[in-house]
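Reading through the structure tokens given below for one structure.
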Amino acid sequence: MTASIKIAERHRDFFEMVFETVKQIPEGRVTSYGAIARYLGMARSSRMVGWAMNVSHRLPEPVPAHRVVNRAGVLTGKHHFGAPDRMQTLLEAEGIKVENDRVVDFEKLFWDPASAPELRLK
DNA sequence: AATGTGACATACC
DNA sequence: TGGTATGCCACAT
């Protein structure tokens with residue numbers, strides 16, 4: 001395997017697909033763990049997406065993990081960004097408003113990798 | 001080796 | 001309507 005990341009062989013591809021998907025989230029948009037899992041054919045393994053995000057911190061290349069929230073738009077992973085409010089800061093830097101650890105207008109900003117409206121419209 | 005713990009989601013009382 | 005249980009599976013202890 002390429003990097004020093006410890007990922008089980010048979011799931012390495014899955015993790016990489018997660019990273020690729022996350023990297024395609026447009027700036028200023030967000031998606032959910034479940035949407036990614038569903039898109040990759042592991043609808044019931046959304047927790048693994050969370051694990052992938054956890055691992056992504058060790059990746060040589062940057063993965064915009066802050067654009068992934070739970071299905072309610074809550075920043076459940078904020079404690080994994082070093083500083084408690086780093087995730088929120090990153091989001092707000094992209095024009096996404098956050099109140100009470102929740103993305104404002106989540107439904108509008110939601111980007112589904114399956115439908116990928118941004119990619120289809122262009 | 002066995003058990004517990006999650007950056008989740010869904011189903012069911 | 002809201003809490004609880006369960007599926008999921010890599011990883012830590």
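Convention: sequence-line order gives letters A, B, ...; per-chain numbering from 1. Because the structure is a prediction, the values reported are computed rather than measured.
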Response to the item:
To the nearest angstrom, the CZ-P distance between F14(A) and dC8(B) comes to 14 Å
Fill in: From dG6(B), dC8(C), dA7(B), nucleotide with atom closest to R44(A) side chain
dC8(C)
Worksheet entry | Separation of atom CG in L75(A) from atom P in dA7(B), rounded to whole Å | 13 Å
Practice prompt. Answer with yes or no whether H57(A) presents, from its side chain, a donor or acceptor under 3.5 Å of a partner atom in the base of dA7(B).
Written response: yes
Worksheet entry | Nucleotide nearest S45(A) (side chain, heavy atoms from C-beta), chosen from dC8(B), dG6(B), dC9(C) | dC9(C)
Item to complete: Quick one: do M53(A) and V18(A) satisfy side-chain contact (heavy atoms from CB on, under 4.5 Å)? Show the steps, please.
Response: CA-CA 8 Å; M53(A) 294 303 96; V18(A) 172; 3.5 Å; yes
Worksheet item: Roughly how many Å is it from NE2 in H66(A) to C1' in dA7(B), rounded to a whole number?
Response: 14 Å
Worksheet item: What parts of residues 98-106 of chain A reach DNA chain B, counting only heavy atoms under 4.0 Å away?
Response: none
Discussion item. For the C1' atoms, the ones on dG3(C) and on dA7(B), what distance do you get once it is rounded to whole angstrom?
Written reply: 22 Å
Worksheet item: CZ of F15(A) versus C1' of dC11(C): gap in Å, rounded?
Response: 9 Å
Between the protein and nucleotides 9-13 of chain B, which nitrogen or oxygen pairs come in under 3.5 angstrom?
from	atom 1	to	atom 2	distance (Å)
dA9(B)	OP1	G34(A)	N	3.1
dA9(B)	OP1	R71(A)	N	3.3
dA9(B)	OP2	R71(A)	N	2.8
dA9(B)	O4'	S46(A)	OG	3.4

Item to complete: Give A65(A) one of three labels, base, sugar-phosphate or nothing, depending on what nucleic acid heavy atoms sit under 4.0 Å from its own.
Response: base
May I have the list of side-chain donor-acceptor pairs in residues 35-47 of chain A shorter than 3.5 Å, sequence neighbours left out?
none

Worksheet, complete the sentence: When rounded to the nearest 0.5 Å, the distance separating CD of Q88(A) from CD1 of I96(A) is 11.0 Å
Worksheet entry | With E20(A) via salt bridge (charged side-chain N to carboxylate O under 4.0 Å, His left out) - residues at least two apart | K23(A)
Worksheet item: So do the side chains of T31(A) and T21(A) get within less than 4.5 Å of each other, counting heavy atoms only?
Response: no
Worksheet item: Taking CH2 from W51(A) and P from dC11(C), how many angstroms apart are they, rounded to a whole number?
Response: 7 Å
Item to complete: Check the distance between dG7(C)'s P and M42(A)'s CE and give it to me in whole angstrom.
Response: 16 Å
Discussion item. Do W51(A) and N54(A) make a side-chain contact, defined as non-hydrogen atoms from C-beta onward lying under 4.5 Å apart?
Written reply: yes
Practice prompt. First locate atom CG of L109(A), then atom NZ of K97(A), and finally report the distance between them rounded to the nearest 0.5 Å.
Written response: 10.5 Å
Worksheet, complete the sentence: Residue pairs passing the ring pair (Phe, Tyr, Trp, His ring centres under 6.0 Å) test with at least one member in residues 69-88 of chain A, sequence neighbours excluded, are H57(A)-F81(A)
Name the atoms and distances for all side-chain donor-acceptor pairs under 3.5 Å in residues 65-76 of chain A, with sequence neighbours left out.
from	atom 1	to	atom 2	distance (Å)
H66(A)	NE2	E94(A)	OE2	2.9
R67(A)	NE	E94(A)	OE1	3.0
R67(A)	NE	E94(A)	OE2	3.1
R67(A)	NH1	I25(A)	O	3.0
R67(A)	NH2	E94(A)	OE2	2.8
N70(A)	OD1	A72(A)	N	3.0
N70(A)	OD1	G73(A)	N	3.2
N70(A)	OD1	V74(A)	N	2.9

Discussion item. Expressed as a whole number of angstroms, how long is the span from L40(A):CG to dC8(B):P?
Written reply: 17 Å
Discussion item. Using whole Å, what does the distance between atom P of nucleotide dC8(C) and atom CG of N54(A) come to?
Written reply: 22 Å
